[in-house]
Amino acid sequence: PASVNGVVGIKPTVGLLSRTGIIPISFTQDTAGPLARTVTDAAILLGAMTGVDASDAKSRESAGRAAADYTQFLIPNGLKGKRIGVEKKKYENQFLNALLQKALDALRAQGAEVVEIEYLDKLNASDAAEGEVLNYEFKQGINQYLATHNAAPKTLKDLINFNKKNEDQVMPTFKQDIFDKSQAKGDLNSKEYIAALQKSHEGTKQMIDAVLLQNKLDAIAGLTMGPACAIDVVYGDRWGDVFLTSPAAKSGYPHISVPAGKVYDLPVGLSFFSGVYQEGALLTIAFAYEQATKQRTKPEFKNKL
């Protein structure tokens with residue numbers, strides 16, 4: 001959302017913010033996070049949103065690890081001496097490559113050392129396992145959520161049946177493939193789920209930790225994703241192949257996206273992610289990049305692109 005709307009977004013370490021009240025998709029990935037015009041505004045919001053919640057067991061892990069005020073990490077020359085990893089493999093689109101190069105040049109100009117690494121192909125190898133994790137955890141999470149709310153559907157199966165009975169009104173274009181896939185799964189004791197969780201969640205954490213340690217990196221960077229795609233209600237929206245949201249999502253690690261410029265006159269963000277509870281370090285890097293580049297532009301309406 002931050003990247004395609006030209007704003008700053010922080011996806012914090014899972015557990016730093018309470019998830020109470022959020023309709024669940026995955027308890028290993030779900031988290032709220034601030035969206036704001038600037039890194040400063042996002043840092044202020046993040047500090048106000050943290051805190052241990054007795055209703056969210058995961059948030060107990062953040063006790064003593066959250067900062068009361070994240071604006072203390074907003075250092076204008078914060079890129080000096082930092083080592084930032086970037087995937088060596090180039091994008092297929094030349095305009096995305098040019099935008100990334102511009103961002104990397106800005107990092108270097110502010111005193112950061114950019115280190116080329118090869119890691120995305122290995123991380124992307126667990127995409128199928130992540131899909132399994134999401135299907136299992138969505139079924140478990142939505143059933144628990146519905147059971148505790150005063151609503152007619154009490155289970156995922158109830159939702160599926162309601163949608164089938166009211167297909168013309170609630171599913172005029174797309175169906176409920178994800179609901180159906182999740183409903184077909186067993187419980188969280190399934191060997192399939194445990195294996196998928198180990199490969200996707202634990203495996204990704206171990207891989208990111210190893211890449212950061214072996215290359216002595218403060219963070220890993222890259223374009224968050226490509227520009228927003230056109231809406232196609234007949235065949236479905238077509239997104240490009242540029243996504244740097246997956247590693248931090250799978251691992252539950254923090255991730256920040258900052259406006260980096262435009263491609264096809266549409267916003268594109270630059271992402272930074274790192275290890276568990278490294279929000280402060282990421283804010284330092286992101287703030288210094290933002291102040292040096294000032295790539296955010298005011299939103300506008302266009303007749304066509």
Side-chain angles (χ1 to χ4, degrees), residues 1-3 5-76 78-79 82 84 133-134 137 141 144-145 148-149 201-202 204-205 208-209 212 217-221 224 244-259 269-291 296:
S3 179
N5 286 285
V7 297
V8 176
I10 301 174
K11 185 207 80 72
T13 300
V14 173
L16 187 65
L17 306 187
S18 168
R19 284 92 56 83
T20 298
I22 295 176
I23 298 175
I25 297 175
S26 161
F27 63 82
T28 57
Q29 294 193 19
D30 288 343
T31 181
L35 290 164
R37 291 178 299 173
T38 66
V39 175
T40 299
D41 288 349
I44 293 169
L45 281 167
L46 184 64
M49 296 168 75
T50 61
V52 175
D53 175 12
S55 300
D56 182 0
K58 187 68 177 177
S59 76
R60 297 172 198 158
E61 297 177 11
S62 70
R65 308 188 75 171
D69 180 7
Y70 281 93
T71 62
Q72 65 181 293
F73 299 105
L74 305 182
I75 305 169
L79 277 165
K82 296 293 191 297
I84 311 294
V133 169
L134 294 177
E137 293 186 356
Q144 284 187 346
Y145 178 86
T148 59
H149 284 73
H201 183 58
E202 297 299 333
T204 300
K205 287 197 295 184
I208 292 174
D209 290 345
L212 292 169
L217 301 176
D218 295 285
I220 299 172
T224 310
L244 202 65
T245 57
S246 182
K250 292 179 186 177
S251 61
Y253 285 175
H255 172 189
I256 183 167
S257 179
V258 183
L270 182 70
S271 281
F272 302 96
F273 68 91
S274 190
V276 65
Y277 294 109
Q278 291 300 303
E279 284 80 5
L282 291 178
L283 281 165
T284 296
I285 291 169
F287 180 72
Y289 169 76
E290 175 198 52
Q291 295 303 299
R296 178 186 175 269

Quiz item: Hey, mind stepping through L282 and I10 against side chain to side chain contact (heavy atoms under 4.5 Å, CB included) and telling me if it holds?
Solution: CA-CA 10 Å; L282 291 178; I10 301 174; over 6 Å; no
Looking at every heavy atom in both [X] and [Y], which two are closest together, and how far apart are they?
X    : Y    : result
D53  : S59  : N-OG, 2.8 Å
L16  : A66  : CD1-CB, 3.6 Å
R296 : G6   : CG-O, 3.7 Å
H201 : G252 : CE1-N, 4.5 Å
V8   : A2   : C-CB, 3.9 Å
P254 : A248 : O-CB, 4.2 Å

Nearest 0.5 Å please: distance from the [atom1] atom of [X] over to the [atom2] atom of [Y].
X    : Y    : atom1 : atom2 : value
I75  : Q291 : CD1   : CD    : 12.5 Å
K250 : T245 : NZ    : OG1   : 9.5 Å
D41  : T38  : CG    : OG1   : 3.5 Å
Y277 : E61  : OH    : CD    : 5.5 Å
Q278 : T13  : CD    : OG1   : 8.0 Å
L45  : T71  : CG    : OG1   : 12.0 Å

Is the shortest heavy-atom distance from the side chain of [X] to the side chain of [Y] under 4.5 Å?
X    : Y    : value
F273 : L244 : yes
Q144 : P24  : no
L46  : P12  : yes
I220 : L212 : yes
I256 : F287 : no

Give the intermediate values and the outcome of side chain to side chain donor-acceptor pair (under 3.5 Å) for residues T224 and S271. CA-CA 5 Å; T224 310; S271 281; 2.7 Å; yes
L35 atom CG, neighbour heavy-atom count above 12 within 6.0 Å
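Check passes, neighbour count above 12.
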Sub-3.5 Å donor-acceptor pair from the side chain of [X] to the main-chain atoms of [Y], do we have one?
X    : Y    : answer
R19  : A32  : no
N5   : V7   : no
S62  : G15  : yes
K205 : G275 : no
T284 : G78  : no
S26  : L134 : no

* Asked: When you look at L79 and I285, which way does the side chain to side chain contact (heavy atoms under 4.5 Å, CB included) test go after all the steps?
  -> CA-CA 5 Å; L79 277 165; I285 291 169; 3.7 Å; yes
Check your understanding: Looking at T31, D56, D30, which one forms a side-chain contact (heavy atoms from CB on, under 4.5 Å) with L17?
Key ->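 Among the candidates, only T31 passes.
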